[in-house]
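Please read all numbers here as calculations on a predicted model, not as lab measurements. Just follow the structure's listing: the first ligand is 1, and inside any ligand the first atom is 1.
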Amino acid sequence: MDSTGNRSALPQARQFGGDSEKKVTFAFVGAGLLALFVGFLLGPPQALNYAGIDIYDWLPLASYYQGLTLHGVLMALVFTSFFIGGILLYLPAREMGIRPPMVLAWGAFWIMALGTVLAGGAMVADTSNVLYTLYPPMKGHWTFYLGLALVVVGTLIIAALVFEMWRLWKRVNPGAPTPLVTYMTVVTWLMWAIASLGLVVGVVFLLLPWSLGWIEGVDPALFRTLFWYTGHPIVYFWLLPAYIIWYAMVPGQAGGKLVSDPMARLVFLLFLLFSIPVGFHHQYADPSIPVAWKMVHNVMTMFVAIPSLITAFTVAASLENAGRARGGSGWVGWIGALPWRNPGFTAPVLAMVTFIFGGAGGIILATFSLNLVVHNTAFIPGHFHITVGTAVTMTFMGVTFWLLPHLTGRPLRAAGAALASVWLWFAGMMLFALGMHWQGILGVPRRSYISAMAEEGVYADGALAGMFSGAGGVVLLFAGLLFFWSVLRTLLGARDPGRVEQVGFSQTLSGPLESSGKTKASVALMDRLGWWTLLAVALIVVAYVPTIVQQVLDWQGIAGMRLW
Ligand code: HAS
Ligand code: CU
């Protein structure tokens, strides 16, 4: 067990036991994978749509938009929330050696499950084809909005559990620096607790009463601002758990060490500060937001890219450390020495490689003048399928390969299929995203049922690029089937706990304890998260309050509409 600190000072009931924590984690991760499975099946038809191939008549769907809403909500909101809820409860609990209050952990799970059933039911019943951005005046059924709110509430309960465990740890380990994984996790949950506020307010005070008929109209401009207040940082709520794996698991699994623990803490702290006051980079084309404030968010977005750039170097150096420890030498020889046959390693590393392109695209999009060229085009789904769809999802696929065996005692089966799935996912997404970015530059819109217009030659310029996207979708279909085949075989396989690898966190070359006085002092300073949170809130107040106040004053209540 990786418990850090003074375990014996904990009350018996709060000592990490293993079994009960594994069960609840399995429930979260399993539910996440189920959502991923359904969401994934709905992906290829949309990729084919861009290739001008219309298979919607053959599918049990009422429309292209029903499929797109289900795909977006299940992937971006349900899969991520469950999977992250599971790992960001289990990993810190294990590291601190503390058991979370189990009743509340299960409570969070069932609230999220209920939310998923409500929202899922509303989408399946064809009542809520409003896409995962929920933009009014398109109006969904109230159960859809309530369901999504419950999913968010569940994640916030887990955040509260982790804060409570951290406080308990601090109490029994006075003066000691927070262990690294716990530090990164607490910061991620802090960021999300502040970031989710926009969506919670927008759904609970605007969309829910509106869909119930309690208020007549909502203001689309105000809702968009509230949505993107959460909608940008939600991408870091997805990314930071992947970063935790890149920093704290992958170097160790590869046989090396993380080069710097304090640098990892700094990265997470920068995300706490800069993740949120940047949402207007999704609204450069929106009226009712002054250009000056859009520029402020543009500049802030460049700041939030910095911790990712630091991550690129720290994680690459840690991989180099591993490659050399395994006997690799020369400028690039160490790369070949890495354990590429292990799907649990290859998945996150290919995810990192993909993210180089995803990040570069993000910086292009963040640039006000460039954004206007591709906003609302296929470029955007191109960007987010190599960020959340690969950098994050493939990291979680890699986690699945060692976490499911760890939780169930059943060793990974069909390991060849698992490894093939990872390479195919990587190749499929690269093809898909290449086609999407290219079409975007040619002006092909996103969220359009363009295959229905293919015969009339609409968007014919993008036809060749669209073929790449379609081909990528087909490759992804095989990738996903192989992945789930391996998952299923593992779950149905015999228990053999002796053959299951233990979950251990990477050791560090320079940690908070063995480093010099100055580093120790800065680690202690970074540990004072209350003050950093206040600073983060101050930045948000400056970046958002003037615009939100103005939009509230300019309130225009618009009645809802149903376009399907
Ligand atoms: Fe984004 C739109 C800007 C990152 C997701 N983004 C989206 C949407 C989604 C999304 C879902 O400014 C669409 C929303 C919608 O439906 O409308 N994005 C950025 C910027 C970043 C960024 C500046 N996005 C992400 C991440 C996402 C994500 C992460 C999900 C997880 N994005 C935008 C903008 C828009 C946008 C505009 C609006 C567009 C519009 O007009 O609508 C930055 O955070 C990126 C920084 C990243 C880097 C890369 C660092 C590289 C690393 C890998 C290192 C590799 C190693 C491998 C170590 C600078 C860390 C070594 C391996 C060896 C073997 C040696
Ligand atoms: Cu963003």
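- Note on ring orientation: taking the six-membered ring where Trp is involved, the planes of Phe426 and Trp423 are perpendicular (angle over 60°, cut-offs 30° and 60°).
- Residue-ligand proximity, Tyr236 to ligand 1, at heavy-atom distances under 4.0 Å covers atoms 21 (C), 43 (C), 44 (O).
- The atoms of ligand 1 that sit less than 4.0 Å from any heavy atom of Trp334 are 65 (C).
- For Phe401 and Phe483, the ring centers sit closer than 6.0 Å to each other.
- Close placement of the Phe432 and His385 rings is indicated, their centers lying within 6.0 Å of each other.
- When Pro307, Ala285, Ala312, Ala351 are checked for heavy-atom proximity to atom 58 (C) of ligand 1, Ala312 turns out nearest.
- Considering only non-hydrogen protein atoms, atom 12 (O) of ligand 1 sits nearest to Ala366 CA, 2.8 Å.
- Among all non-hydrogen protein atoms, the one lying nearest atom 64 (C) of ligand 1 is Val349 CG1, 3.9 Å.
- Nearest-heavy-atom check against atom 61 (C) of ligand 1 across Leu319, Thr387, Leu370 picks out Leu319.
- In terms of modelled atom types and a separation under 3.5 Å, the side chain of Thr230 and the main chain of Ala195 share a donor-acceptor contact.
- Listed by atom number, the atoms of ligand 1 under 4.0 Å from Asn371 heavy atoms are 39 (C), 40 (C), 41 (O).
- Inspection of the Trp192 and Thr155 side chains reveals an N or O donor paired with an N or O acceptor under 3.5 Å.
- Rounded to 10 degrees, the ND1-metal-NE2 angle spanning His232 and His282 at the Cu ion (ligand 2) equals 130°.
- The shortest N or O to N or O distance between Val235 and ligand 1 is not under 3.5 Å.
- No close placement of the Trp228 and Phe280 rings is indicated, their centers lying 6.0 Å or farther apart.
- Nearest to atom 13 (C) of ligand 1 among the protein's heavy atoms is Phe384 CD2, 3.3 Å.
- Not a single donor-acceptor pair under 3.5 Å links the side chain of Trp246 to the backbone N or O of Ala351.
- Tyr243 and Ser308 are linked by a side-chain donor-acceptor pair at a separation below 3.5 angstrom, with hydrogens and angles left out of the test.
- Between atom 1 (Fe) of ligand 1 and His232 there is no N/O/S contact shorter than 2.8 Å.
- Contact annotation: for Tyr243 versus ligand 1, heavy atoms closer than 4.0 Å belong to the side chain alone.
- For the residue pair His232 / His281, a side-chain donor-acceptor distance below 3.5 Å is found, with atom types taken as modelled.
- Against a heavy-atom cut-off of under 4.0 Å, Tyr132 is close to the following atoms of ligand 1: 11 (C), 13 (C), 14 (C), 15 (C), 16 (O).
- The aromatic rings of Phe271 and Tyr236 lie tilted to each other, with the angle between the two planes from 30° to 60°.
- A side-chain donor-acceptor contact under 3.5 Å links Asn49 and Ser451.
- Close approach of ligand 1 to Val392 (heavy-atom distance below 4.0 Å) involves ligand atoms 31 (C).
- Not a single heavy atom of Phe379 sits under 4.0 Å from any atom of ligand 1.
- Contact annotation for His383 and ligand 1: only side-chain heavy atoms (C-beta onward) come within less than 4.0 Å of the ligand.
- Nearest to atom 38 (C) of ligand 1 by heavy-atom distance, out of His282, His385, His375, is His282.
- Distances from atom 16 (O) of ligand 1 to the heavy atoms of Met302, Arg446, Met352, Arg447 show the closest one on Arg446.
- Phe28 and Phe83 have their aromatic ring centers separated by at least 6.0 angstrom.
- Of the options Ser308, Gly359, Ala76, the smallest heavy-atom separation from atom 45 (C) of ligand 1 is shown by Gly359.
- The ligand atoms of ligand 1 that sit less than 4.0 angstrom from a heavy atom of Leu309 are 59 (C).
- For atom 19 (C) of ligand 1, the nearest non-hydrogen atom of the protein is Gly362 CA, 3.4 Å.
- The closest approach between any non-hydrogen atom of Trp228 and ligand 1 is below 4.0 Å.
- Trp189 and Phe237 have tilted rings, their planes meeting at an angle from 30° to 60° on a 0 to 90° scale.
- Listed by number with element, the atoms of ligand 1 under 4.0 angstrom from any heavy atom of Leu239 are 29 (C).
- Note: Phe227 and Tyr135 have perpendicular aromatic rings, judged against thresholds of 30 and 60 degrees for the angle between ring planes.
- Within ligand 1, the atoms closer than 4.0 Å to a non-hydrogen atom of Thr301 are 23 (C), numbered from 1 in the order shown.
- Between His71 and Tyr65, the ring center distance fails the sub-6.0 Å criterion.
- With a 4.0 Å heavy-atom cut-off, ligand 1 is reached by the backbone of Leu365 and by its side chain too.
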